[in-house]
Amino acid sequence: MLFTSPLRYPLYQLGNPQLRIFRPNWFLTLVRPGKEQPPDTAQFRIPMEMTKCDVKNYLEKIYNVPVGAVRTRIQFGSNKKRNHLSQKVKQPDYKVAYVQLAQGQTFTFPDIFPEKDRTAAEGSVEEMQEKFLEDEKQKQKPDPRRGGVTEWFGL
Amino acid sequence: MAASSSAGRVLTLCKQFQNVLRISSAINTPHCAANFTKYQPHVYRGKSPLAALSWSTPTSYLGQCRALHTTISRRGLEEFFDLPENWGETSVKSGAPWTAKQLRTKSNEDLHKLWYVLLKEKNMLLTLEQEAKRQRVQMPSPERLRKVERSIIRLETVVTERETALRLLQTGQEKGRPGDWRKNTFGYVYWYRFKEYAIPWYMNKRYKRKKFYTPKFVEPHIRLRLEKHIREKARKASLKKKTLAKLMEKFPQMKVSAP
């Protein structure tokens with residue numbers, strides 16, 4: 001095990017101090033919901049070991065996000081696909097958490113890959129490459145003086 | 001609340017911005033790691049959409065008296081995403097990962113804060129990766145994820161080093177979790193690590209079913225296993241010798257490296 005965080009947390013018996021986790025080893029992934037979700041809901045992929053309380057505390061303490069309710073489910077990763085050796089290939093299972101934000105906050109998943117006009121800098125390698133590619137494409141085009149008539153016809 | 005992600009990014013990955021941490025160690029921030037604030041020299045991210053509470057640290061705390069203006073940026077779920085300028089880029093610049101040598105120079109508070117900075121950065125990169133897969137677009141600079149993972153691992157090793165050193169000094173115990181050398185049913189001696197139970201071992205039925213001794217009928221199989229292992233070793237040694245002899249025959253001037 002790469003991390004030496006306790007594989008076993010201390011046993012809890014009545015009167016024991018509250019378990020506190022320093023340097024949590026859990027990473028959340030915010031995902032775009034597949035199905036339409038209410039405006040105050042954010043969808044996360046969380047490690048299997050996390051619980052609803054863990055997610056709530058995580059977001060409140062580390063990200064300072066006011067969390068209302070958390071609902072979790074485990075998504076089964078398919079075992080149906082087969083590789084070139086006809087062996088079954090398992091997609092990993094993962095846990096999904098639906099987090100409803102408190103205090104009337106809303107969240108919409110933004111568009112992280114907008115179309116950007118990429119004009120290469122002057123005198124750079126990219127600009128020369130682009131110019132070269134453009135010239136090549138120009139060579140492939142038929143002669144405009146022929147007025148759309150193909151080379152198949154003589155003359 | 002937490003640092004602006006620009007400074008966080010810069011902090012996590014760029015060596016040059018290590019000096020910022022020196023300022024933060026002078027600030028007497030309260031206990032909870034989530035409440036730390038950082039001073040961002042020139043990469044301050046301006047106005048945030050959410051209402052930003054600004055408060056200046058009382059100068060009574062600072063030994064190296066410099067009036068710092070720190071802002072608790074409450075950007076919440078925005079911290080799962082990169083800076084908006086980087087959306088849609090094909091590559092994003094990032095510095096080198098933290099080395100264990102650099103991390104050992106940092107104080108425990110700094111390492112604690114760095115852990116959370118790295119955690120947030122990794123979360124951001126994971127969301128970016130997933131969204132790129134969803135949109136069927138290449139993720140910009142995926143090496144950042146590897147760098148952050150390496151930094152986290154190194155941080156963990158440094159912290160465990162310090163913990164073991166402290167434990168050795170205070171109690172003389174080498175390992176945090178108690179254990180014992182025990183023989184299992186197959187004749188192997190291994191380090192058994194103790195587990196915490198609410199009841200003593202003689203009341204634990206499942207534990208009593210586990211055998212920490214080798215039965216009599218297993219011993220001949222242990223001998224056979226040992227013989228197999230010795231035969232394999234001898235086979236490997238003889239193969240090496242034969243190949244070497246063949247090479248020496250072909251190339252008599254060949255220099256043999258010492259084993």
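This structure is a prediction, so every number in the text was calculated from the model and none was measured. Proteins come first, then strands; the chains are lettered A, B, ... in the order of their sequence lines, and each starts at number 1.
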Most heavy-atom pairs under 4.5 angstrom with chain A, which of V159(B), L125(B), T157(B)? V159(B)
Let's test your reading of the structure: which of L119(B), L111(B), L126(B) forms the most heavy-atom pairs below 4.5 Å with chain A? L119(B)
With a 3.5 Å distance limit and no angle check, can you tell me whether T72(A) reaches the backbone of K52(A) through a side-chain donor-acceptor pair? no
Backbone N or O of W26(A) within a donor-acceptor pair of the Y58(A) side chain at under 3.5 Å? yes
Contacting moiety of [X], where chain B heavy atoms sit under 4.5 Å:
X	value
F113(A)	both
Y12(A)	neither
F44(A)	side chain
P66(A)	neither

Polar contact flag, side-chain donor to acceptor under 3.5 angstrom, R71(A)-Q100(A): yes
Hey, are Q18(A) and R20(A) close enough side-chain-wise for a donor-acceptor pair under 3.5 Å? no
Taking the six-membered ring for Trp, are F107(A) and F81(B) parallel (under 30°), tilted (30 to 60°) or perpendicular (over 60°)? parallel
Give me the ring orientation class for W191(B) and W181(B): parallel if the planes are under 30° apart, tilted from 30 to 60°, perpendicular past 60°. perpendicular
Is E196(B) close to chain A through its backbone or its side chain, or both, or neither, when contacts mean heavy atoms under 4.5 Å? both
Checking heavy atoms, do the side chain of E131(B), its backbone, both or neither come under 4.5 Å from chain A? both
Under 4.0 Å between a side-chain nitrogen and a carboxylate oxygen: does that hold for K56(A) and E60(A)? yes
Quick check on the interface: out of V65(A), T29(A), I112(A), who has the most heavy-atom pairs with chain B under 4.5 Å? I112(A)
